[in-house]
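Quick notes on the structure that follows.
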Amino acid sequence: MKNKLIIAFGLTALLYGCSSTKKIPYESKWNAPFNYVDGFNPDQQDQQSRLAYGVINDDQFLYITLKTRDPQTIQKIVTNGLRLTFSPEGQRKDGYYLQFPVVLKEDKKALKNLDIDIPNSLGLSLLLDSYNKEALWKDGQGQHFINLVESENSIKTHISMDRNQELTEQIILPLSLMQIDLAQVSRLGIKINIEGQSSSRSGFSPRIGIGMGGGIGMGGGIGIGTGSGYGNTAADRSVNIKLDVQLAKGM
């Protein structure tokens, strides 16, 4: 009996350790009657990265909100960027992805080696402003740069930091870009990863940069830090979230 308990415990621990690689069932919420721009707070949180997430949709758009106060996860997102990969039901797996924020390869090393006081950083504000100008979208036609400044742009995404040191990323994605018709498609796979963390495309270098070669904040310091140098800590806040989303449908 004792041996059986030990085996059972071992299997439980193994399954728990692998839980981050399994798909998490998630039910999207319908966008009505509230308006997304009025605010939507994530209702789930990944325990490893402490990244909170929420998904809602209507018959035209998918809305994703990501939030975290964890300094290590913030550092990883700001210095590497996030990649959201989409797999609509009945289509090729991982057929679409959105990369945002977009970080140049040459900027990543500089960002990781610098330090900022988050609450009082003008450099961080300038950095996030630069990120909010462009994103990368990949579909069956290949990779496309998205100008986030132009109002007529179909994809909207924005990253910001508030006074409580909470990083927020909001994404509005037309369902039509993924050939999703709610009358025929009910499920959507979504993977959320740090860019380069689990992707063979980590060598990709987008067009825009943040001026780390002598631009933004080099005089006053730019990077992410809390004064304790957590960028070198052994604790890993890797982001590896896999969602099996049940899309909401209107009444």
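For this chain, numbers begin at 1 and follow the sequence in order. Below, each value reflects all heavy atoms present in this structure, side chains not excepted, and no hydrogens, waters or symmetry copies.
Nearest approach of Tyr26 to Val55, heavy atoms of both residues: OH-N, 3.0 Å. The nearest pair of heavy atoms linking Arg50 to Asp70 is NH1-OD1, 3.2 Å. Across Val78 and Val103, no two heavy atoms sit closer than the pair O-CG2, 3.8 Å. Looking at every heavy atom in both residues, Ile155 comes nearest to Leu148 through O-CD2, 3.8 Å.
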Exercise. Would Thr68 and Ile74 satisfy side-chain contact (heavy atoms from CB on, under 4.5 Å), going step by step from the backbone distance to the final call?
Worked result: CA-CA 7 Å; Thr68 184; Ile74 292 173; 3.8 Å; yes
For this session: Under the salt bridge (Lys or Arg N to Asp or Glu O under 4.0 Å) rule, what do Lys249 and Asp59 come out as? Steps first, then yes or no, please.
Result: CA-CA 7 Å; Lys249 298 192 177 182; Asp59 59 353; over 6 Å; no
Exercise. Step by step, would you call Tyr97 with Gln143 a side chain to side chain donor-acceptor pair (under 3.5 Å)?
Worked result: CA-CA 9 Å; Tyr97 70 72; Gln143 296 171 331; 2.7 Å; yes
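No donor-acceptor contact under 3.5 angstrom links the side chains of Gln60 and Ser176, judged on distance only.
Side-chain atoms of Gln170 do not come within 3.5 Å of backbone N or O of Lys156 as any donor-acceptor pair. A donor-acceptor distance shorter than 3.5 angstrom exists from the side chain of Lys29 to the backbone of Glu27, with no hydrogens or angles considered. With Asn57 contributing its side chain and Ala248 its backbone, the two residues share a donor-acceptor pair below 3.5 Å. Side-chain atoms of Thr65 do not come within 3.5 Å of backbone N or O of Gly54 as any donor-acceptor pair. Looking at Ser49, its side chain never comes within 3.5 Å of a backbone N or O of Thr73 through a donor-acceptor pair.
Counting heavy atoms from C-beta outward, Pro88 and Tyr96 have side chains that approach closer than 4.5 Å. In this structure, Asn147 and Glu134 have side chains that are not in contact, with every pair of non-hydrogen atoms separated by 4.5 Å or more. Considering only heavy atoms from C-beta on, Ile56 stays 4.5 Å or farther from Phe61 through its side chain. Here the side chains of Leu62 and Ile172 are not in contact, with every heavy-atom distance at 4.5 Å or above.
Qualifying side chain to side chain donor-acceptor pair (under 3.5 Å) partners for Thr85, counting only residues two or more places apart in sequence or in other chains: none. For Glu166, the salt bridge (Lys or Arg N to Asp or Glu O under 4.0 Å) criterion is met by Lys67, Arg69, not counting sequence neighbours. The side chain to side chain donor-acceptor pair (under 3.5 Å) search around Asp139 returns Trp137, His144, not counting sequence neighbours. Every residue two or more places apart in sequence or in another chain that forms a side chain to side chain donor-acceptor pair (under 3.5 Å) with Glu89 is listed here: Ser186. With sequence neighbours left out, the side chain to side chain donor-acceptor pair (under 3.5 Å) criterion links Tyr53 to no other residue.
Atom CG in Leu177 sits 10.0 Å away from atom CZ in Phe86 (nearest 0.5 Å). For the atom pair OG (Ser160) and CG (Asp129), the distance works out to 10.0 Å, reported to the nearest 0.5 Å. Here Leu51 contributes atom CG and Asn240 contributes atom CG; the two are 11.5 Å apart, rounded to the nearest 0.5 Å.
Listed by first and then second residue, the salt bridge (Lys or Arg N to Asp or Glu O under 4.0 Å) pairs that reach into residues 174-190 are Arg187-Asp244, sequence neighbours excluded.
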